[in-house]
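Atom set for the values below is all heavy atoms of this structure, side chains included, hydrogens, waters and symmetry mates excluded. In the text below, chain A, chain B and the rest are named by the order of the sequence lines, each starting its count at 1. Because the structure is a prediction, the values reported are computed rather than measured.
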Amino acid sequence: KNQVEQSPQSLIILEGKNCTLQCNYTVSPFSNLRWYKQDTGRGPVSLTIMTFSENTKSNGRYTATLDADTKQSSLHITASQLSDSASYICVVTFDSGGYNKLIFGAGTRLAVHP
Amino acid sequence: NAGVTQTPKFRVLKTGQSMTLLCAQDMNHEYMYWYRQDPGMGLRLIHYSVGEGTTAKGEVPDGYNVSRLKKQNFLLGLESAAPSQTSVYFCASSYTGGSYNEQFFGPGTRLTVL
């Protein structure tokens with residue numbers, strides 16, 4: 001079964017600290033993996049996208065890694081800010097035959113405290 | 001550009017009532033999608049459209065109908081609302097269905113069915 005699992009479910013850190021969010025997937029055939037940021041009351045916004053051959057991608061203070069062999073990805077946030085408080089969703093795309101289907105993880109809810 | 005907009009933002013229905021959610025995009029995207037987001041679960045695809053006049057079922061289509069009469073609009077209808085349809089509904093659009101094409105999400109509609 002195609003699944004995307006994220007850990008932890010929620011996380012609290014202090015402003016300025018770093019954190020790492022995890023994503024494990026069992027999706028096949030794999031096309032790419034995205035990390036989305038979803039602010040409270042808003043729709044998800046893409047942060048990074050990685051294909052099978054890429055093992056790291058950065059977007060400012062956000063760095064995503066991908067290990068296609070172990071089917072694991074992580075999102076590292078450096079020097080956290082209050083505005084990083086949001087849910088972070090791991091999304092894996094696979095070719096379902098008709099169109100490229102997205103499998104969404106349940107997300108990690110991050111709270112950054114001053 | 002407004003991107004993807006959704007109306008209404010909030011709605012409370014009684015069991016058995018009907019309603020239509022409207023999604024509009026001004027990016028000239030071909031593909032449009034309706035998802036639902038429930039606590040502790042990833043977004044799930046309800047219906048999607050690959051172009052004006054076409055619609056297709058997603059992962060959880062039961063109880064919903066859709067129409068794409070104009071390229072920029074995608075309507076989601078609930079004919080007889082049930083409490084199980086209490087959820088946050090997100091519309092998204094993409095230029096094509098290709099795996100590298102980012103889906104852009106609207107702000108969501110929070111629906112409560114009593």
Legend entry - Close side-chain approach of Q37(B) and I89(A), heavy atoms under 4.5 Å: yes
Legend entry - Greatest number of heavy atom pairs closer than 4.5 Å to chain A - which of V4(B), L43(B), T96(B): L43(B)
Legend entry - Linked, directly or transitively: L21(A) and L66(A) (ILVMFWY side chains, under 4.5 Å): yes
Inset, instruction - Could you state whether F104(B) and Y35(B) fall into the same hydrophobic cluster, counting links through intermediate Ile, Leu, Val, Met, Phe, Trp or Tyr residues with side-chain heavy atoms under 4.5 angstrom apart? - result: no
Inset, instruction - Supply the atom-to-atom distance F104(A) CZ to E59(B) CD, rounded to the nearest 0.5 angstrom. - result: 10.0 Å
Inset, instruction - Identify whether V88(B) and L75(B) are in the same connected component of the hydrophobic contact network (ILVMFWY, side-chain heavy atoms under 4.5 Å). - result: no
Inset, instruction - Step through the shown structure and confirm whether more than 12 heavy atoms of other residues, nucleotides or ligands are within 6.0 Å of CD on E102(B). - result: yes
Legend entry - R44(B) atom CZ, neighbour heavy-atom count above 12 within 6.0 Å: yes
Legend entry - Residue pair Y33(B) / L102(A), side-chain heavy-atom distance below 4.5 Å: no
Legend entry - Structural part of N101(B) lying under 4.5 Å from a heavy atom of chain A: backbone
Legend entry - Side-chain heavy-atom pair F90(B), Q38(A) within 4.5 angstrom cut-off: yes
Inset, instruction - Pick one of side chain, backbone, both or neither for R34(A), based on which atoms fall under 4.5 Å of a heavy atom in chain B. - result: side chain
Legend entry - Enclosure of E5(A) CD (heavy-atom neighbours >12, cutoff 6.0 Å): no
Inset, instruction - Identify which of P44(A), S31(A), C90(A) forms the greatest number of heavy-atom pairs closer than 4.5 Å to chain B. - result: P44(A)
Legend entry - For the student: nearest non-hydrogen atoms of A106(A) and G40(B), plus distance: CB-O, 3.5 Å
Legend entry - In one Ile/Leu/Val/Met/Phe/Trp/Tyr side-chain cluster, 4.5 Å: F94(A), F52(A): yes
Legend entry - Transitive ILVMFWY side-chain link V60(B) to M32(B), under 4.5 Å: yes
Legend entry - Chi angles and distances behind the side-chain contact (heavy atoms from CB on, under 4.5 Å) call for Y48(B), K101(A): CA-CA 11 Å; Y48(B) 66 99; K101(A) 183 177 179 181; over 6 Å; no
Inset, instruction - Check each atom of T93(A) against the heavy atoms of chain B and say whether the ones under 4.5 Å are side chain, backbone, both or neither. - result: side chain
